[in-house]
Each structure stands twice: as structure tokens, then as C-alpha cells.
S.K.: 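The structure follows.
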Amino acid sequence: MSKTIIEKIWEQHIVYEEKGKPDLLYIDLHLLHEVTSPQAFEGLRINGRKVRRPDLSFATMDHNVPTRNRTNISDPVSRKQIKTLAENCQEFGVPLAHMDHPDQGIVHVIGPELGLTQPGKTIVCGDSHTSTHGAFGALAFGIGTSEVEHVLSTQTLWQSKPKTMEIKIVGELGYGVTSKDVILAIIAKFGVDVGTGHIVEYTGEAIRNFSMEERMTICNMSIEAGARAGLISPDQKTVDYLKGRAHVPDGEEFEKLAEKWTSFASDEDAVYDKMLEIHTSEIEPYVTWGTNPSMGSGITKSVPYAKDLAGQSEKEELKQALTYMDLEEGMPLTSIEIQHVFIGSCTNSRISDLRAAASVVEGRKVHDRVTAIVVPGSRSVKAKAEAEGLDKVFIEAGFEWRESGCSMCLAMNEDVVPAGERCASTSNRNFEGRQGAGARTHLVSPVMAAAAAVEGRFVDVRNMLPVCV
Amino acid sequence: MEPINIVTSVLSPLDRINVDTDQIIPKQFLKRIERTGFGKYLFYGWRFKEDGTENPSFVLNNPIFKGSTILVANDNFGCGSSREHAPWALMDFGFKVIIAPSFADIFYNNCVKNGVLPVRLSEKAVEQLLNAGKNEAYELTVHLEEQIVKGQKGESYSFDIDPYWKQMLLNGWDEIALTIQYDQYIEAYEKSST
Ligand code: SF4
């Protein structure tokens with residue numbers, strides 16, 4: 001019988017099954033960071049339990065770390081959280097990429113970079129954007145702290161099998177339209193809870209044409225569509241990306257692995273519980289104008305009118321959102337002026353994102369009104385960018401060039417957007433207060449963020465890119 | 001965790017859709033390394049004004065709902081981040097039951113693992129409850145064993161819950177202690193997959 005990749009991975013990881021119970025699933029890789037792990041380690045200590053498989057666990061520091069001066073964490077509570085992770089990893093034998101280690105970075109950036117992320121694996125982390133790793137054809141999902149403790153101590157989780165969903169992107173993408181625009185368009189079209197109870201597989205020609213990094217951007221935001229996980233069947237691109245990575249074997253063993261990896265791809269006639277389609281002709285560079293990721297439109301459009309929405313709750317949600325965002329119904333998106341630009345986060349902070357943004361700002365200047373920062377997703381991305389001279393391009397244009405971390409994506413460190421100010425951000429959440437109390441977030445792609453930095457308002461980046469024939 | 005079965009209380013009506021975990025507990029309060037003490041920061045941005053005083057227009061600041069242990073909200077409650085600090089904050093504030101037409105997956109799990117009962121009712125039922133409890137104290141009894149929510153006027157709604165989660169909640173079991181009893185299967189799996 002033909003199967004989807006979701007079923008193939010699921011079935012291979014069942015440790016125990018019994019009718020009327022969730023399945024006990026084995027976890028191949030457990031990623032940890034400083035914010036959602038301290039209470040889990042504390043639980044182990046209280047109960048005298050050990051970490052069952054430290055060799056399948058990997059920790060990093062990302063949410064809280066300073067991006068300006070690493071030597072001084074001014075907030076004592078943040079400092080304690082960072083220190084606690086280092087002590088816990090030491091005590092329980094869990095490998096750690098410390099803030100000062102060359103492998104450090106946002107957990108969802110370094111997993112693939114180090115080759116820890118591989119097709120067919122079950123991957124969890126106390127973080128909802130674990131879905132990013134699904135780009136490799138892994139079953140990767142976010143868990144809460146109780147589950148973190150459960151995985152640390154048993155390397156398993158009780159999971160009820162979710163339903164499967166296919167989202168097919170039909171057609172080829174237009175010029176200047178990125179994978180970020182595709183996922184924003186999907187969420188705008190189908191809503192923030194379309195994926196609830198499902199694992200999504202993204203398919204179609206555009207997905208096949210995307211690089212691994214572009215695929216990660218799509219899978220990253222599966223959670224914004226309500227899906228527990230989102231993935232893409234592995235192909236030759238997946239194999240090529242992983243070849244030679246630190247945690248990937250080489251030689252004959254690699255060849256064998258590669259064959260196994262691609263065998264996880266969904267069978268051609270596999271059936272999903274639900275199938276949705278979006279056509280690329282509907283997708284242009286996107287900007288969100290509201291307070292959840294579905295509240296976005298193509299750059300040539302305007303903020304919608306409440307009267308055009310169907311339900312009463314939707315009308316009210318729109319009004320609340322526009323009040324918070326200080327926008328008017330019917331305003332063209334290109335009339336929205338911004339004060340901040342953030343290029344970073346696990347959605348868009350990889351080398352290809354930085355290259356794309358740099359290609360827009362090169363030879364241009366950041367608008368007077370705008371403070372703009374670039375925060376590479378990992379120390380290795382940062383080093384690579386510097387070797388290519390991208391740091392200079394950004395600095396000359398007037399951007400600040402920072403150390404890697406989550407930074408202004410959730411503003412837990414000192415990288416905060418002040419109340420009432422507006423930020424063009426390449427991150428994934430535009431919730432109220434996400435980038436700082438009272439801060440207003442607009443989600444965009446790296447090239448759209450770069451264009452907004454130069455113009456001081458949202459513009460159609462397609463008019464600023466070199467014409468290609 | 002504490003076992004839970006019958007909860008009786010005035011309901012707190014939070015008539016919003018897509019309430020995300022960034023609203024339930026904003027990130028500036030995630031730095032603590034303990035599980036407790038998050039209640040005072042629950043819905044911080046809504047409960048308090050910029051100067052730190054209570055915002056009288058926010059529903060949970062209404063004295064009618066003081067001490068309520070049942071929160072009724074609208075669609076897709078708990079979306080966004082996986083932070084378990086969200087149920088910790090709700091629990092620390094005093095809520096034992098959350099009723100909504102739908103919940104985000106991770107949030108639902110996180111509730112169950114902490115002994116907070118998430119109850120899915122139809123949109124219509126939730127609308128009726130929200131209307132009944134909007135402006136005046138309206139008492140509900142939630143009965144997990146029987147999978148039923150009863151309103152003070154005698155109306156009742158039944159709800160579904162996975163039998164496994166139900167047992168966990170009713171008994172207040174420690175899931176890890178349970179799983180350790182399956183150690184032989186875990187070991188067998190590890191042997192066969194290497
Ligand atoms: S970059 Fe943002 S979304 Fe990604 S892991 Fe960090 S805080 Fe979460």
C-alpha cells in the first residue's frame with residue numbers, strides 16, 4: 001500500500017502500541033535551549049532520574065543571549081538561565097554549543113548546519129518552530145517542558161497519530177517572490193488553525209525547485225498554520241546538503257544512508273486526510289498588517305475593510321488588530337512607514353537570506369528614520385557572511401551587524417522594539433507585544449525587509465531588484 | 001500532579017479568538033527557572049496598563065469573576081509558542097478548566113500534562129456560555145468522569161476526551177513513572193534499531 005512520508009516515519013518509530021492508547025514513539029534527536037529546559041532538568045533531579053540518551057540530545061543557547069556584547073549579560077535573571085543550562089548540561093552529560101562556541105546559533109539553524117537533522121528522524125525540541133527540521137523529511141515537532149523531561153528520561157513520547165494533510169503549491173514562482181511569501185500566503189489563505197491536529201506535507205513544483213534553506217523557511221512557519229509539524233519529502237538536494245556535515249558519516253556509510261533517506265519520500269499515489277492547493281499566481285511579496293500571521297496581503301493590496309469579512313468574531317478581531325497596529329481600513333500597504341528593520345530569526349537568518357537582503361541594500365542607504373539590524377542565525381552563518389564581505393555591505397548601508405541568537409524575534413534580550421514603533425521583521429510571529437510591549441510587527445521576507453529599510457516604508461521589492469531576463 | 005474530576009465555579013468569559021501564548025504569558029516572564037509564580041503575569045499586557053495599574057476594562061479584573069477556576073474562551077485558544085509557562089500561569093492564577101471550541105495542539109498537551117482540563121465544546125455551546133456569563137456570575141460544574149459540563153440553569157453539554165488523557169487527569173499520574181514501566185520495550189527498540 002502506498003504511504004506518505006508521515007506514515008513511514010511514524011511506523012518506524014513505534015516502541016509500543018495498544019488499542020485505546022496513544023503510541024509510544026522513539027525520539028532520535030532531542031534539541032534543547034535555555035528557556036524551556038530548566039524545569040525539566042530540575043524534575044529529573046528531584047526524582048533522581050538520569051538522561052537516558054545524552055548522545056541523542058544536543059543543547060544550545062539562543063533565546064536569551066546578547067547580540068552586542070557577549071561578555072556581559074546585564075539582566076541577572078537571563079544570566080542565571082544561561083548559567084543554569086551550562087550547569088545542567090555538565091551534570092547530565094548533554095553536549096552543549098555554549099554561547100562562545102563556534103557551533104552556537106539558533107537551535108533550528110544549527111541542527112541542519114551540523115547535520116544532526118536528517119531525513120526519517122523523529123526530532124523534538126521545547127520550541128514550536130522545531131517544524132523547521134521537517135524541510136529534511138524529518139518528523140519534527142515542538143513539545144512542552146513536561147514532555148522535554150519525559151524525553152530526557154525515556155527518549156520516548158506518547159503521541160496520538162495526527163491526521164495528514166497535503167498542501168500543494170501549483171505553478172512556478174514569480175520573480176522576486178520568496179519562500180517566505182509562499183508560507184505567508186498559505187496562512188493568509190487558509191488561516192492560523194487550518195493545520196490543527198494535522199501534520200502537513202508541502203508538495204509541488206515550487207517546493208522541488210526551492211533550495212534546502214528556502215524549504216526550511218516554509219516548514220518553519222507550519223506552526224503558524226496550526227500544524228504540529230510540516231515536512232517535505234527528501235530528494236537529491238537534501239542528500240547533497242547533508243554530505244560532509246559534522247554529524248553525518250562519510251564514505252560507504254553515507255551512500256547507504258542516502259539511499260535510506262530518499263526511501264522515506266511519500267509514494268506517488270499516497271493519500272492524505274486533507275488536501276489543499278494554492279496557485280503561485282496568487283502569491284506576490286507579502287506584508288502582514290495585523291496581529292497574527294494570517295493577517296497579511298500582497299504588497300500591491302490594502303488593509304482590508306471589516307465589512308468585507310464574514311464572521312462577527314473576525315470583524316472584531318480585525319478591529320482589535322488595527323487598533324493595536326494603529327492602521328486604518330483601506331490603507332495601501334505601501335503607505336505604512338516603519339522605524340525598525342530586523343533581519344534574523346530561525347525563519348530567515350541563513351546565508352542565502354543574508355545574501356538576498358544584501359543584494360538589495362548594496363550601494364543604497366538605510367532611510368534616516370530607520371534603525372536596522374542583521375542578526376545571523378548562527379556563528380557559522382556569521383563567519384561565512386563575513387568571509388563573503390556581506391557584513392561590509394550591510395554596515396556601509398547603515399545596518400548594525402550583530403552576534404547570532406533569537407534577538408528581536410521575541411525580544412527576550414535587550415533587542416527590543418520600543419512601544420508604538422513599527423518593525424519590518426523577517427521573523428515568524430506578529431503577536432501583540434512579541435517584539436516588545438506595544439511594538440508593532442510586520443512580517444516580511446528578507447528582500448522586502450531590506451527594501452523597507454532603504455525606503456522607510458513598505459515597497460514592492462520587485463521594482464528594486466535588477467531586471468533579469 | 002493533582003488529580004482532577006469535579007470542578008464547580010463561576011465562569012470567566014474571555015470572548016476572543018486566536019488567543020496566543022504570547023498573550024497568556026509574555027516572554028519577559030519566561031526567564032524564571034521555576035515552574036511556579038507565573039500567575040501574577042498571566043495576560044500581563046491585557047490585565048495591566050502601561051503604568052502597572054490594573055486595566056479595569058479587562059474581563060479578569062472584574063470583581064464578579066474573582067476566584068473563578070473555569071475560563072471560557074473562543075476558537076484556537078493557546079496558539080503560538082510551545083511555552084508550558086502558559087498553562088503554568090493559568091494554573092498558578094487559579095484556573096483548573098479551560099473551555100473553548102478548539103485549542104492549539106501543543107497547548108492542549110501542555111494542559112493535560114499539568115492537570116489542567118481542556119474542554120472542547122461546540123462553537124454554539126461556547127457562545128451560549130459566553131453570553132450567559134458575560135455580565136453576571138454564572139456557575140458551571142465540569143464533571144470529567146462523566147464528560148459533562150452543566151450550567152446553573154440546568155443545561156448540560158457533553159465533551160470528548162482521549163481515554164488515556166482522561167485516566168491521567170483523573171488519577172493525577174506522573175507520566176514518566178508510567179513510561180518507565182515500558183522500559184523493556186524501549187530497550188528492545190534501541191537494540192533492534194542499531
Ligand atoms: S528565532 Fe524566534 S521563533 Fe526561532 S527559536 Fe528563536 S525565538 Fe523561537
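These numbers come from the heavy atoms of this one structure, side chains and all, not from hydrogens, waters or symmetry mates. So that the names make sense, note that chain A is the first sequence line, chain B the second, and so on, each numbered from 1.
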S.K.: Looking at R49(A), H63(A), E34(A), which makes the most heavy-atom pairs under 4.5 Å with chain B?
M.R.: R49(A)
S.K.: Based on non-hydrogen pairs under 4.5 Å, which of W165(B), Y164(B), W88(B) is most in contact with chain A?
M.R.: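 That would be Y164(B).
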S.K.: For S294(A), is it the side chain, the backbone, both, or neither that has a heavy atom closer than 4.5 Å to a heavy atom of chain B?
M.R.: neither
S.K.: E187(B) versus chain A, heavy atoms under 4.5 Å apart: side chain, backbone, both or neither?
M.R.: both
S.K.: Rounded to the nearest 0.5 Å, what separates atom CZ in R32(B) from atom OG1 in T84(A)?
M.R.: 12.5 Å
S.K.: Give a yes or no answer on whether the side chain of Q81(A) reaches the backbone of L30(B) with a donor-acceptor pair at less than 3.5 Å.
M.R.: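 Yes, because the side chain of Q81(A) sits within donor-acceptor range (under 3.5 Å) of the backbone of L30(B).
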S.K.: Do Y189(B) and T156(A) pass the side-chain contact (heavy atoms from CB on, under 4.5 Å) test, and can you show the C-alpha distance, the side-chain angles, and the key distance before you say yes or no?
M.R.: CA-CA 11 Å; Y189(B) 181 92; T156(A) 62; over 6 Å; no
S.K.: Report the option among N110(B), D174(B), D22(B) that has the most heavy-atom pairs separated by less than 4.5 Å from atoms of chain A.
M.R.: D22(B)
S.K.: Please determine whether side-chain contact (heavy atoms from CB on, under 4.5 Å) holds for the pair I176(B) and N47(A), giving the CA-CA distance in whole Å, both sets of side-chain angles, and the decisive distance to 0.1 Å.
M.R.: CA-CA 10 Å; I176(B) 297 176; N47(A) 294 293; over 6 Å; no
S.K.: Determine, for E190(B) against R52(A), whether the closest basic-nitrogen to carboxylate-oxygen distance falls under 4.0 angstrom.
M.R.: yes
S.K.: Checking heavy atoms, do the side chain of A188(B), its backbone, both or neither come under 4.5 Å from chain A?
M.R.: neither
S.K.: Less than 4.5 Å apart, side chain to side chain, heavy atoms only: is that true for D20(B) and N292(A)?
M.R.: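 A side-chain contact under 4.5 Å is absent here.
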S.K.: Any ion pair linking E149(A) and R35(B) (charged N to carboxylate O, less than 4.0 Å)?
M.R.: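 So R35(B) pairs with E149(A) through a salt bridge.
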S.K.: Are any of the side-chain heavy atoms of I33(B) and E42(A) separated by less than 4.5 Å?
M.R.: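 In short, these two side chains do not touch, never coming nearer than 4.5 Å.
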S.K.: Heavy-atom distance under 4.5 Å between the side chains of E224(A) and C79(B), does that happen here?
M.R.: no
S.K.: I need the I223(A) CD1 to S81(B) OG distance, nearest 0.5 Å.
M.R.: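 That separation rounds to 9.0 Å.
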S.K.: When you look at Y185(B) and Y26(A), which way does the side-chain contact (heavy atoms from CB on, under 4.5 Å) test go after all the steps?
M.R.: CA-CA 10 Å; Y185(B) 297 99; Y26(A) 199 78; over 6 Å; no
S.K.: Any side-chain to backbone donor/acceptor pair from R429(A) onto G80(B)? Under 3.5 Å, distance only.
M.R.: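 Yes: the side chain of R429(A) pairs with the backbone of G80(B).
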S.K.: Between the side chain of K113(B) and the main-chain N/O of G144(A), is any donor-acceptor distance below 3.5 Å?
M.R.: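 Not at all, since once roles are kept as given, no pair shorter than 3.5 Å links the two residues.
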S.K.: CD/Q167(B) to NZ/K21(A) distance, rounded to the nearest 0.5 angstrom?
M.R.: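 Atom-to-atom, Q167(B):CD and K21(A):NZ are 10.5 Å apart.
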S.K.: Keeping K27(B) on the side-chain end and G433(A) on the backbone end, is there a donor-acceptor pair under 3.5 Å?
M.R.: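 Pair found, side chain donor or acceptor close to backbone of G433(A).
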S.K.: For the candidates G226(A), G126(A), P22(A), A227(A), which exhibits the highest count of non-hydrogen atom pairs separated by less than 4.5 Å from chain B?
M.R.: P22(A)
S.K.: With rounding to the nearest 0.5 angstrom, report the CG to NE2 distance, L178(B) to H150(A).
M.R.: 8.0 Å
S.K.: Going by atom types alone, do E84(B) and S146(A) pair a side-chain donor with an acceptor below 3.5 Å?
M.R.: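 Looking only at side-chain atoms, S146(A) and E84(B) do form a donor-acceptor pair, the distance falling under 3.5 Å.
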S.K.: Should D105(B) and R228(A) count as an ion pair when the cut-off is N to O under 4.0 Å?
M.R.: no
S.K.: Would you say Q23(B)'s side chain and E432(A)'s backbone share a donor-acceptor pair under 3.5 angstrom?
M.R.: yes
S.K.: Could you go through the side-chain contact (heavy atoms from CB on, under 4.5 Å) check for E316(A) and I17(B) one step at a time?
M.R.: CA-CA 9 Å; E316(A) 271 181 21; I17(B) 56 174; over 6 Å; no
S.K.: Identify whether the distance between the nearest side-chain nitrogen and carboxylate oxygen of D162(B) and K161(A) falls below 4.0 Å.
M.R.: no
S.K.: For the backbone of N109(B) and the side chain of E147(A), can you confirm whether one donor and one acceptor N or O come within less than 3.5 Å of each other?
M.R.: no
S.K.: If I take atom CZ from residue F103(B) and atom OG1 from residue T196(A), how far apart are they, to the nearest 0.5 angstrom?
M.R.: 11.5 Å
S.K.: Side chains of Y16(A) and I186(B): does their closest heavy-atom pair fall under 4.5 Å?
M.R.: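 Not touching, per the 4.5 Å side-chain cut-off.
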S.K.: One thing to verify: whether E317(A) and R16(B) come together as a salt bridge, which I'm taking to mean a side-chain N less than 4.0 angstrom from a carboxylate O.
M.R.: no
S.K.: Does a side-chain heavy-atom distance below 4.5 Å link S82(B) with I143(A)?
M.R.: no
S.K.: Got V15(A) and Y182(B) here, is their nearest side-chain heavy-atom distance under 4.5 Å?
M.R.: no
